[in-house]
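We use all heavy atoms of the structure for the numbers below, so side chains are in, but hydrogens, waters and symmetry mates are not. Just so you know, ligand 1 is whichever comes first in the structure, and atom 1 is the first atom listed for that ligand.
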Amino acid sequence: MKIAIIGTGHVGLVTGACFAQKGHKVICVDNNHGKIKSLQKLIMPFYEPRLEQMVRRNYKASRLIFSTDIKQAVNFAEIVFIAVGTPLGPGGGADLSQIRRVAKEIAHHLNHRYKIIVEKSTVPVGTAEEIERIIKLYAPENASFDIVSNPEFLQEGSAIETTLRPDRIVLGVKTKRADNIIRLLFASFNSKILVTDINSAELIKHAANSFLAMKISYINSLANICEKTGADIKSVAYGIGLDKRINPHFLNAGIGYGGFCLPKDISAFIHISDKLGYDFQILKAVRDVNNLQREFVVRKIKKSLRNNLKNRHIGIWGLSFKPDTDDIRESPSIYIIQKLLQEQAYIKSYDPYAMKEAQKVLPNIHYCRDPYETAYKTDCLFIATEWDIFKNISLPRLKAIMRQPIIIDGRNIFEPEKMKKLGFVYHGIGREEPQISQIK
Ligand code: UGA
């Protein structure tokens, strides 16, 4: 099939590459000329495992092209995906200005040749109806089209895998014609296809991300209870995860969720619920718990250095919001570093991919060549992202080079018993020994 993808962010570019990989002809469009020029030279705008090879292969096979010309793309395609950003707006809701602009532009280039316009961007329920209204307003009278909602569930760091083999494909459709064509497009993905009405499809996306965030805030709350009782969060998470109704995924306690999706989607879902007249209390608590978790971690680091960070040397392992990405948007690591800098700590950091991005927001910290240089002569080491390179470190060497062997492990990558035996002062999340005074 002939496909146009508007927007070459994480969702648009990965989706475009994956459709091309499936043998479709894909044109990816963006109004950022610099980005399109780079993509034409096969320079990726972000790091994502396997993406560059996939783009390269399909570009060379002429199945994937990049353009700034939306008219060319709409004329060419049978199916047009809207995959532009829906960042957080000023009031906490989703900023839909890019969606509206693109809908208007697509409308101008429609004609009697039937097309499917797919809403791929994450949007609040009711947005497809608005897109349809906009298109009808600006399209010529003979325009023939249907709107479909196809929320994406890709995870950064494993975006190719989670796009090609998602747990499910959700398609919100209104007409039989669109249903038949869009099912055909996804038939080769070998995943369960769920076809619903459009509003349900839109809601599934916000509901899924919110549920994942809820699991994380729940396990982080439990971790705090563990610290007060001497229970171990890893055992507790394993114990509850064995129940099939709960399942073991997304039960890793840590420093709170970050990234471009979960924080903004939770906020947008709360916002649209308020607008609909429903006070979504659980979600508000999920967001508040997540914000508090970062503060707990800052307090933990401070406490390990006797509440005085002035001129103390702190090493930070990891800047991205999770491993296998260079994405630092809403990364808890960045937030925590900013807090430590306010207390006049001296910060050194290493991240395998995210240092270039981090330099833009944290120009005044020292960036290191590797994890050891980061830990060298530090008073405390904080582990913010669970990259494999950190898990495979030589612990005796690490102990030998630190000024004080204090580790705050925000991702629980090491075992407290082992670390203690090696002579570290080690604090994980939800894995503390209880402080006698805390037990009432
Ligand atoms: C998330 C969803 O998982 C995807 O399904 C969705 O498609 C995507 O948002 C989106 O809306 O585009 P992503 O933002 O890539 O994907 O990141 P996640 O893997 O969900 O991780 C989010 C945050 O939660 C990270 O900071 C991670 O470290 C944290 N996390 C995750 C935990 O603290 N504990 C866990 O057990 C799992």
Side-chain angles (χ1 to χ4, degrees), residues 7 9-15 46-49 83-88 94 120-124 150-163 165-170 191 202 204-223 233-234 236-238 240-241 246-269 286-287 289-291 293-294 296-297 318-336 351 354 383-387 409-413 428-430:
H10 231 103
V11 174
L13 187 55
V14 170
T15 305
F46 50 81
Y47 170 69
E48 177 63 44
V84 292
T86 51
L88 203 57
K120 186 82 174 159
S121 310
T122 298
V123 289
N150 167 229
E152 58 80 20
F153 300 103
L154 71 80
Q155 278 181 272
E156 288 184 26
S158 53
I160 302 281
E161 177 65 22
T162 45
T163 299
R165 272 170 287 279
D167 289 347
R168 77 302 205 188
I169 289 160
V170 174
S191 293
E202 289 176 329
I204 286 169
K205 171 67 193 189
H206 264 168
N209 272 6
S210 301
F211 199 88
L212 294 171
M214 191 168 76
K215 284 188 95 170
I216 298 168
S217 280
Y218 183 73
I219 205 69
N220 284 337
S221 300
L222 278 182
I233 193 62
K234 284 223 168 173
V236 174
Y238 184 67
I240 62 175
I246 297 173
N247 91 42
H249 304 292
F250 269 64
L251 289 180
N252 295 315
I255 59 179
Y257 59 79
F260 186 59
C261 301
L262 261 43
K264 85 166 164 67
D265 291 351
I266 276 62
S267 179
F269 203 14
V286 165
R287 178 191 58 191
V289 165
N290 196 56
N291 291 338
Q293 191 65 10
R294 300 169 177 202
F296 285 148
V297 174
L319 294 157
S320 56
F321 80 102
K322 68 175 197 178
D324 295 319
T325 176
D326 60 355
D327 198 344
I328 57 155
R329 290 175 294 177
E330 291 294 319
S331 171
S333 175
I334 303 290
Y335 176 87
I336 291 165
D351 186 290
I383 305 171
T385 317
E386 66 275 35
W387 287 93
D409 183 354
R411 298 293 186 170
N412 288 338
I413 66 173
I429 305 291

Passes salt bridge (charged side-chain N to carboxylate O under 4.0 Å, His left out), K322 versus E386? Steps please.
CA-CA 7 Å; K322 68 175 197 178; E386 66 275 35; over 6 Å; no

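- Each of the atoms 28 (O), 33 (O) of ligand 1 lies under 4.0 Å from some heavy atom of R411.
- With hydrogens left out, the protein atom closest to atom 11 (O) of ligand 1 is K205 NZ, 2.6 Å, a heavy atom.
- Checked against a 3.5 angstrom limit, the closest N/O atoms of L154 and ligand 1 fall inside it.
- Among A253, C261, S333, the residue whose heavy atom lies closest to atom 9 (O) of ligand 1 is C261.
- Summary of contacts: the protein heavy atom closest to atom 18 (P) of ligand 1 is K322 NZ, 3.6 Å.
- Protein heavy atom in closest approach to atom 2 (C) of ligand 1: N209 OD1, 3.5 Å.
- Of the protein's non-hydrogen atoms, the one nearest atom 35 (C) of ligand 1 is N252 O, 3.7 Å.
- Taking atom 16 (O) of ligand 1 as the reference point, the nearest protein heavy-atom neighbour is Q155 CG, 3.8 Å.
- Any N or O atom pair closer than 3.5 Å counts here, and F153 shares at least one such pair with ligand 1.
- Ranking the protein heavy atoms by distance from atom 30 (N) of ligand 1 puts I216 CD1, 3.5 Å first.
- Between E386 and ligand 1, a contact under 3.5 Å exists for no N or O pair.
- Those atoms of ligand 1 with a heavy atom of D265 less than 4.0 angstrom away are 11 (O).
- The protein heavy-atom contact nearest to atom 20 (O) of ligand 1 is F250 CZ, 3.3 Å.
- Below 3.5 Å of separation, one finds no N or O of P332 facing any N or O of ligand 1.
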